[in-house]
J.: 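Take this structure, written in structure tokens, and hold onto it; I'll ask about it next.
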Amino acid sequence: MMALVFQPHDLLWVTDLDDDDTLPEWFDRQDLQLRPVVVRREPTPVGRIAVGLRGSNRSQRHASYVNAASVLRVLTPEQIVNQQRWHDRNAVHPLPHWATLSQVAQVMAQAHLSWGITGSLGFELATGINTANHHSDIDLRIVSATPLNRDACRDIALQLTQREQRPDIQIETPYGAFAMSEWVVGEGRVLVKSQQGPYLTHTPWQPHY
């Protein structure tokens, strides 16, 4: 059976952590029953996954690791979008972000793009735990194995910057992620965040050596 490959920002529900370091005081291993861990970008040996723990507020973050065998369930940012739970979330936890996500969904549908929600908004939509607040960013990603048309990206960016809340969109390629705002500016280099670390390139859809 082929091993599962998890992407940065995927949410994993796990049975335990594979962590040799001291865990923070605010974390209890029983939290894993309710709270998923978030895959982060770091080179790791086969079978070991770099993840982040989220507490009840922004200051409670901790880098950790899990063994692939301990993963019970995975939810991707794109699957969070497919659930469209922002339509009902405002009745439970009122925030202007939910209406903005509805507007984003319309823009992305017109562009025929698959997109995902990451960050605190994605975590809240996935778990039902109030982790976002009025100051939370709207972090999104577009996964694309092939180059995106720059003019099409400019059109999307223009439509979204007209909203009261401006989303931050990362484009995820097979070689790393970079900000769409950098891609639409011009023909210059973009900063790609890869598994091996950040680098600048004119060609983010090509391997960097």
J.: Flag the pair Arg163 / Ile138 as yes when at least one side-chain heavy-atom distance between them is below 4.5 Å, and no otherwise.
T.: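 No, their side chains stay 4.5 Å or more apart.
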J.: Any salt bridge (Lys or Arg N to Asp or Glu O under 4.0 Å) involving residues 192-209? Give me the pairs, sequence neighbours left out, ordered by first then second residue.
T.: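 Qualifying pairs: none.
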J.: Other residues, nucleotides and ligands only: do more than 12 of their heavy atoms fall within 6.0 Å of CZ on Arg166?
T.: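 Incorrect, the count does not exceed 12.
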J.: Return the CG to CH2 distance between Leu121 and Trp98, rounded to the nearest 0.5 Å.
T.: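 Answer rounded to 0.5 Å: 5.0 Å.
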J.: Sequence neighbours left out, what passes salt bridge (Lys or Arg N to Asp or Glu O under 4.0 Å) with Arg154? Give chain and number order.
T.: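 Partners of Arg154 by the salt bridge (Lys or Arg N to Asp or Glu O under 4.0 Å) criterion, ordered by chain and then number, come out as Asp151.
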J.: Looking at side-chain heavy atoms only, is the closest gap between Pro96 and Gln165 below 4.5 Å?
T.: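 Yes - at least one pair of side-chain heavy atoms lies under 4.5 Å apart.
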J.: Does any donor atom in the side chain of Trp205 or Thr146 lie under 3.5 Å from an acceptor atom in the other side chain?
T.: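 No, no side-chain donor-acceptor contact under 3.5 Å.
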J.: Is Leu140 close to Leu101 at the side-chain level, that is, under 4.5 Å between some pair of heavy atoms?
T.: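 Yes, their side chains come closer than 4.5 Å.
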J.: Test of understanding: with salt bridge (Lys or Arg N to Asp or Glu O under 4.0 Å), list the residues that count as partners of Arg73, not counting sequence neighbours.
T.: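 In terms of salt bridge (Lys or Arg N to Asp or Glu O under 4.0 Å), with neighbours along the sequence ignored, Arg73 is linked to no residue.
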J.: Identify, with sequence neighbours excluded, every residue that meets salt bridge (Lys or Arg N to Asp or Glu O under 4.0 Å) alongside Arg40.
T.: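 Result, salt bridge (Lys or Arg N to Asp or Glu O under 4.0 Å) vs Arg40: Glu42.
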J.: With sequence neighbours left out, what residues match His87 under ring-ring contact (aromatic ring centres under 6.0 Å, His included)?
T.: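 Expected list: none.
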J.: Among residues at least two apart in sequence or on other chains, which ones pass side-chain contact (heavy atoms from CB on, under 4.5 Å) with Ser59?
T.: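 Applying side-chain contact (heavy atoms from CB on, under 4.5 Å) to Ser59 gives Asn57.
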J.: Considering all heavy atoms of both residues, which atom of Phe6 and which atom of Val39 are nearest to each other, and what is their separation?
T.: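 Looking at all heavy atoms of both residues, the closest pair is CB-CG2, 4.0 Å.
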J.: Mind checking who shares a hydrophobic cluster with Leu34, ILVMFWY linked at side-chain heavy-atom distances under 4.5 Å?
T.: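 Once heavy-atom contacts under 4.5 Å are chained together, Leu34 still belongs with nothing else.
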J.: I'd like to know whether CD of Glu25 has more than 12 heavy-atom contacts from other residues, nucleotides or ligands below 6.0 angstrom.
T.: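 No - once you tally the heavy atoms of other residues, nucleotides and ligands closer than 6.0 Å, there are 12 at most.
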J.: For Arg150, what residues pass the salt bridge (Lys or Arg N to Asp or Glu O under 4.0 Å) criterion, not counting sequence neighbours?
T.: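 Once residues adjacent in sequence are excluded, the partners of Arg150 under the salt bridge (Lys or Arg N to Asp or Glu O under 4.0 Å) criterion are Glu187.
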J.: Do Gln7 and Pro77 make a side-chain contact, defined as non-hydrogen atoms from C-beta onward lying under 4.5 Å apart?
T.: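 Gln7 does not reach Pro77 side chain to side chain.
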J.: Please evaluate residues His9 and Gln170 with respect to the criterion side-chain contact (heavy atoms from CB on, under 4.5 Å), reporting the C-alpha separation (whole Å), side-chain torsions for both, the decisive distance (0.1 Å), and the verdict.
T.: CA-CA 11 Å; His9 304 295; Gln170 294 284 310; 5.7 Å; no
J.: Output side-chain donor-acceptor pairs under 3.5 Å for residues 171-182, partner residues at least two apart or in another chain, one line each.
T.:
| unit_1 | atom_1 | unit_2 | atom_2 | d |
| --- | --- | --- | --- | --- |
| Glu172 | OE1 | Arg41 | NH2 | 3.2 |
| Glu172 | OE2 | Arg41 | NH1 | 2.9 |
| Thr173 | OG1 | Tyr175 | N | 3.0 |
| Thr173 | OG1 | Gly176 | N | 3.3 |
| Thr173 | OG1 | Gly176 | O | 3.0 |
| Thr173 | OG1 | Pro204 | O | 3.3 |
| Glu182 | OE1 | Leu191 | N | 2.9 |

J.: Considering residues at least two apart in sequence or located in another chain, which fulfil the side-chain contact (heavy atoms from CB on, under 4.5 Å) criterion with Gln30?
T.: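 With neighbours one apart ignored, the set is Asp28, Gln33.
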J.: Would you give the length of the straight line joining atom CG of Leu17 to atom CD1 of Ile49, rounded to the nearest 0.5 angstrom?
T.: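 Here the interatomic distance stands at 11.5 Å.
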J.: Can you confirm whether Leu32 sits close enough to Val37 that some side-chain heavy atom of one is under 4.5 Å from a side-chain heavy atom of the other?
T.: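 In contact.
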J.: Say you draw a straight line from CZ of Arg35 to CG of Leu53; how long is it, rounded to the nearest 0.5 Å?
T.: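 So the CZ of Arg35 and the CG of Leu53 are separated by 10.0 Å.
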J.: Tell me, which pairs form a ring-ring contact (aromatic ring centres under 6.0 Å, His included) where one or both residues lie in residues 116-165, sequence neighbours left out?
T.: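 Of all non-adjacent pairs touching residues 116-165, none passes ring-ring contact (aromatic ring centres under 6.0 Å, His included).
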J.: Decide yes or no for Leu75 and Trp13: does some side-chain heavy atom of the first lie under 4.5 Å from some side-chain heavy atom of the second?
T.: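 Leu75 reaches Trp13 side chain to side chain.
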J.: Quick one: salt bridge (Lys or Arg N to Asp or Glu O under 4.0 Å) pairs with a partner in residues 121-137, sequence neighbours left out?
T.: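 Residue pairs passing salt bridge (Lys or Arg N to Asp or Glu O under 4.0 Å), neighbours aside: Arg89-Glu124.
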J.: Do we see a donor-acceptor contact under 3.5 Å between the side chains of Glu78 and Asn82?
T.: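 Glu78 vs Asn82: no donor-acceptor pair found between side chains.
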